[in-house]
Amino acid sequence: MIAESIFKSEFDKNSVFLDRNLIMPSYIPDELPFREKQIEEVSRVIAPALKGQRPENLFIYGKVGTGKTSVSKHVMKKFNEFASNNKINAECYYVNCRTHNTVYKVLNKIAKDIYAEESFIGFPSTFIYEKILEYSKQQKHIIFILDEIDKVRDLDELMYNLTRANDELDKGSISVIGISNNVLFKDRLDARTKSSLCEKELVFPPYNAEELIEILKKRAKLAFKEGAISTSAISLAAAYAAKESGDARTAVLLLLKAGEIADRLSLNIVEDEQVKAAKSLVEEEIVLSLISTLPSQQKLVLYAIAKLSLDKKPIKSLIGLEQGVLFSGEIYEEYTRLAKKFKESIVSARWYREYISELEVYGLIITTNSGKGIKGQTRLIKLASDPTKIRDVLEKELFGN
DNA sequence: CATCCACAGGAAGGACGGGGGT
DNA sequence: ACCCCCGTCCTTCCTGTGGATG
């Protein structure tokens, strides 16, 4: 009965969305504004495969939401279309290394794609490797896109395997396009792997605010009903994302969430207010998921901070100090008290300081050095977001079950 | 000015678990 | 199967620092 009425009202409700799927961050639009040059470069690199030559390996670097994956997938699609339309023996495959994070998993995924869903799980990796080799021996020129390539644990071995294949092939070839948002990871690689993977390199710059506005406008036109989102709301979402990192992904996510909020409130048009609400919602989600990954000792420290922030009478916080600003020492005392109470082990004060530094890096707390007015040299610590919310979440996390 | 305070944060080293080599 | 090495997490010990205090 309840379920039915929810389904019915969900179904009847008019939404600001025309097609919600088109504004999911995972959706790849046909048009990729401001990435023409990158599309051209990637295409240029892999084009030799269409003439029966081995393309050079390519390394693509760029921060999150700069269009690396979208551009690669876009080019891959066009490449495969062109190859099959013209009956050319060239193919391009995509592997996300976040889930396929070992040599074995990557080889397996590749083999599975090549041999259309035939699974090789359980077979030794040399066998899988031979299978892949066998396939490309039919004069095939194959390109593998390895997304989030820095996640592969033994990348040296994988690259060695894939490049070695070319020595054993006389007609076909194998090339790799590696994608990463981490520049530093290159330094951890073997020199040979590095020079092989980075035969060509391409950097994707972040989008600026104007570009983000254009991108969002295009997307909004696809996903929202006409006039269902205001121009200023779009600009605001773009401005937020530009300020953070020039990340198109979060910009799009903001619009999606803002639309959902508008739907829930049965509004016909998405305004600035919903974008603002979406932003704090997204931020909150990030904070909450961050907290849940913390080790329990660190959760206790954070809990101590939240509890003290809410205390009516901050013990040491004296004249002129903002409410909720705490001393490092009093937090440590509270933490040890709590740890004893819940029969948890207690980390040393030294390690506690590491925890504090880490919490600051995560942006969960804000710290300043004590200046004049306070004796000794210590850190003043303040929670970065709402103490009540943090405390409640931590209570659930720590003692919930 | 010396001294104390209340810490910050570096260095060294111990326990432990996993992954890789033989 | 075994050992070794390495990274992680943590402790102990230590020196440094900026302001208050006598």
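Because the structure is a prediction, the values reported are computed rather than measured. Residue numbering restarts at 1 for every chain, and letters A, B, ... go by the order of the sequence lines.
Here A/S328 reaches the OP1 or OP2 of B/dA8: one of its side-chain N or O atoms lies under 4.0 Å away.
Look at CD1 on A/I381: it is 16 Å from P on B/dA6, rounded to the nearest Å. Regarding A/N369, its CG atom lies at a distance of 21 Å from the P atom of B/dC5, rounded to whole Å. One atom, CG of A/L380, and another, P of B/dA6, lie 14 Å apart when rounded to the nearest Å. Here the C1' atom of nucleotide B/dG19 and the OH atom of A/Y104 are 18 Å apart, to the nearest Å.
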Check: protein-nucleotides 17-22 of chain C nitrogen or oxygen pairs below 3.5 Å:
unit_1	atom_1	unit_2	atom_2	d
C/dG18	N2	A/G376	N	3.2
C/dG18	N2	A/Q377	N	3.1
C/dA20	OP1	A/G373	N	2.8

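Across A/W351, A/F327, A/Y355, A/Y352, a single residue satisfies ring-ring contact (aromatic ring centres under 6.0 Å, His included) together with A/Y332, and that is A/Y352.
The shortest non-hydrogen separation linking A/A278 to A/I261 is N-CD1, 3.6 Å.
The residue A/S348 sits close to a base: some heavy atom pair falls under 4.0 Å. Residue A/I346 is classed as a sugar-phosphate contact, given heavy-atom separations below 4.0 Å to backbone atoms only.
Ring to ring, A/F224 and A/F17 are close: their centroids are under 6.0 angstrom apart.
Residues from residues 350-365 of chain A that place a heavy atom under 4.0 Å from any atom of DNA chain C, listed by number: A/R350, A/W351, A/Y355.
With values rounded to the nearest 0.5 angstrom, A/D272 atom CG is found 10.5 Å from A/I234 atom CD1.
Within a 6.0 Å sphere centred on NZ of A/K105, other residues, nucleotides and ligands contribute more than 12 heavy atoms.
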For this session: Evaluate side chain to side chain donor-acceptor pair (under 3.5 Å) for A/E91 paired with A/Y135, printing each intermediate quantity in order.
Result: CA-CA 11 Å; A/E91 287 163 15; A/Y135 185 74; 3.0 Å; yes

